[in-house]
Structure formats: structure tokens, C-alpha cells
Amino acid sequence: MIYLDANATEPLRPEARTAVAAVLEVVGNPSSVHAAGRAARRILEDAREALAARFGGRPGELVFTSGGTEADAMAIHGLGQGRRLIIGATEHDAVRAAAPSAELLPVDRHGIADLDALARLLRGGPALVCLMLANNETGTLQPVAQSAALCHPAGALLHVDAVQAAGRMPVDFAALGADSMAISSHKLGGPAGAGALLLSAEAARQMRPLIPGGGQERGRRGGTPPVAVIAGFAAAADAATGPGQLGNLRDLAERSAVAAGAVVVGADAARLPNTTCIALPGARAETQVIALDLAGVCVSAGAACSSGKVSRSHVLEAMGLGALAGEAIRISLPWNATEADVQAFAGAYQAMAARLTRRAA
Ligand code: PLP
């Protein structure tokens, strides 16, 4: 099996596995005052410090969550009260579902947020703006620092969803100038089940908990934290030192798809090095995903499939792709992808494209 769906979840990094195994047998609850509790707390706080340092935050303002979805929801619930919500048109459902009545910030045909439109939207009163650092379907990077520079003079806060970016490109919360930032363990090679919300000092003061509970995480998120999972999260983040050869492998995958008739979506935008969204005119996305799966290659559709119903990708529609929005698949290379994997994909893709385009002709 060739796994090219890292944006859904990354394979576990060996450093994370080792860290989880080392902590699984630790008995204490980090909230307990006795020695066992203190030992668990030490592991939790070490992970907090490591993650804050890795992503440009401060440990006292990093809140552990169950993952990226909760971190996004926490930011919107905790910082959005009494504010208008403005979200990028290509945000993940984790943001869209938590802000159902938000105003949409349009994107251009590369998927990049329109900053003139943002400036106009910001005139309407105090807002919380949500903008992702890297898109999960296309890899397109957003102008987050420029958005922060527009938001703050207008009295708005900026939440950044860095779930796909963290571990795959340099991510520095302080340098971005945002008020909160979501990251997720399983998207950077850690175990699923943990994420974090990084907060600025001011946002930390304003934050209202989404899950109040027993006062954990300085009262910002109740519930006993999964210490072993969090140790794995920190170890994975430490091991995720950058894209390595992934950009070259992604380019190789794109060249072979283009040679078979595909169009690269958002090709001219700055993008994540591991991600490409390729459309094959005339071939339905889900047909492509199934054909590649039968050939032993795991990829995903730009169009999301739920309960047998196929809906078009809101990301590709917002980019104005028209019919291509239903004909695009996402290739997202995991941290351990090899050239042989990409060659296998290229062979399977070219055979599939020849078959499907012959049928369409
Ligand atoms: N934000 C983005 C951009 C994502 O791609 C995802 C997951 O695909 C999430 C948030 C949700 O993260 P999690 O799976 O950790 O809840």
C-alpha cells in the first residue's frame, strides 16, 4: 500500500511511539498533589514547554485540547463572544461548523484571501477573524501576518488554524502576530487525541473555556489530559524538522500527473511542500480515488463524501474552479514518503488517466 494521504493523518513517527510507550505506564493524574501526580505533571509541563518553544508560543498560554477541531472551536467560542465572526472561505469544517453564521472572506483563484475585502469587512465592528495558515486540500498558504496587521488596528482578533502547517513549514506564532493558533498532534506524526491552542497574553486573559470542568489547564479546559499522547505530540513536533525532500517529490508527482492530462490547482500560489491538488478534466474525483485505491494508492478527493452523498469541495468552489471542483484529488505526502512511492503513484495515475479519459472521449 502506498499512503499519500498525510493531510488526513500522518504516519506515527518513531520518536513519538517511543515517547508514548515510555509514559503509558506512568500512573499519576497531573492534578494530584502526591509524588505520582507530580511526576505526571512534570511530563505534561515538559511537553508544554517543548511545544511552546517549537511553535513560538509561551508555555503559560498553551492550552492542550483533544485535537485541532477542539482548538478551533475553543478559539471561536472563547474569543468570539460579543464579536462578529469573519472566516476565510476555504476554512476547514472545524472552523466553519463552529461559526455557522460567520461572514465569509473571499479568496482569489489561487485560494489566497482577499486582503482588500478583509479591510472592508473589518469596518463593520469588533470581530474575530479566522484564517488558516495552510489549506488542507490545496496546501495554499494564507497571508496571516498581513491579516494580523489589518485586524489589530481595527480592534479585531485573529485566530490561525495552523493544523496542516505545523511540522511541515516554519511556524512561529509570535512572528505571525495572531491572537490564537490551533495545532494538532496527528497531523505532524504524533498520536491522534491531542492538540493545542496557543494564545497571546491578551487572548489568554479574554479566553472563556469551551469545556469548564475541573479547572485543569489554568481553568481554560477541563478534563484529565492524556499525558502519554501529549508526550508523543511533543516528541513528534521535535522530530518534524521540516519538509526535507518532500517538495521535490511533490513536484515529481505533479509532473507525472500533468503529463497524463491533469491540471494542478493553485499551482502559482505559495503552498505546503507535501500537498498537491490535481484535477483530471472529465473524471469524477471519487472515481479517481477508487481507481487509485484499487491500484494500492491511498489519496483523497477534493470533494467530500459523507453518507453516500457526494458534495463538492467548498474550497475549490470558493476558488471558482467550476466543473473541475468535482474532478480534483488531493495527494499529500507523509513525512516518510520515498521516490519509489511517488513513482508507484505516477504509474497508477497515468494508467487510470488513460482509462478514464478514453472512456470520457
Ligand atoms: N483544521 C484543518 C486545516 C484540518 O485539516 C483539520 C483536519 O483535517 C482540522 C482542523 C481538524 O483537526 P483534528 O483532526 O486534529 O481535529
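Ligands are counted one by one from 1 in listed order, and the atoms in each one are counted from 1 as well. Just so you know, these numbers use all the heavy atoms, side chains as well, and skip hydrogens, waters and symmetry mates. Numbers here are sequence positions counted from 1.
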- request: Starting from the C-alpha separation in whole Å, work towards a yes-or-no answer on side-chain hydrogen bond (donor to acceptor under 3.5 Å, both in side chains) for Glu61 and Ser200.
  value: CA-CA 7 Å; Glu61 292 145 10; Ser200 67; over 6 Å; no
Honestly curious: do [X] and [Y] fall in one hydrophobic cluster under the side-chain, below-4.5 Å linking rule?
| X | Y | result |
| --- | --- | --- |
| Leu252 | Val299 | yes |
| Leu24 | Ile43 | no |
| Leu150 | Met181 | yes |

- prompt: Any side-chain donor paired with an acceptor under 3.5 Å for Asp341 and Asn336?
  reply: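 Checked: Asp341/Asn336 side chains show no N/O donor-acceptor pair below 3.5 Å.
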Can you pull out the closest protein heavy atom to [atom]? Residue, atom name and distance to 0.1 Å, please.
| atom | value |
| --- | --- |
| atom 8 (O) of ligand 1 | Lys187 NZ, 2.6 Å |
| atom 4 (C) of ligand 1 | His92 CD2, 3.2 Å |
| atom 14 (O) of ligand 1 | His186 NE2, 2.9 Å |
| atom 13 (P) of ligand 1 | Gly68 N, 3.5 Å |
| atom 1 (N) of ligand 1 | Asp161 OD2, 2.6 Å |
| atom 5 (O) of ligand 1 | Gln164 NE2, 2.8 Å |

query: For Glu70 and ligand 1, does the shortest N/O to N/O distance drop below 3.5 Å?
result: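 Such a contact does not occur with ligand 1.
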message: Exactly one of Val160, Thr90, Val163 should register a side-chain contact (heavy atoms from CB on, under 4.5 Å) with Met132. Which one does?
response: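 Testing each of Val160, Thr90, Val163 against Met132, the sole residue satisfying side-chain contact (heavy atoms from CB on, under 4.5 Å) is Thr90.
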- request: Give me the one residue out of Leu197, Leu44, Val227, Val229 that meets side-chain contact (heavy atoms from CB on, under 4.5 Å) with Phe64.
  value: Leu44
- line: The side-chain hydrogen bond (donor to acceptor under 3.5 Å, both in side chains) partner of Arg330 among Asp5, Thr275, Asn135 is Asp5
message: Tell me the contacting part of Thr9 for ligand 1: side chain, backbone, both, or neither, using a 4.0 Å heavy-atom threshold, strictly below.
response: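 For Thr9, no heavy atom sits under 4.0 Å from ligand 1.
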- prompt: Where's the contact between Thr69 and ligand 1, heavy-atom distance under 4.0 Å: side chain, backbone, both or neither?
  reply: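 Both of them.
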field: Atoms in ligand 1 with a heavy atom of Asn136 nearer than 4.0 Å
entry: 3 (C), 5 (O)
- prompt: For ligand 1, which atoms sit closer than 4.0 Å to a heavy atom of Gly67?
  reply: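 Answer for ligand 1: 15 (O).
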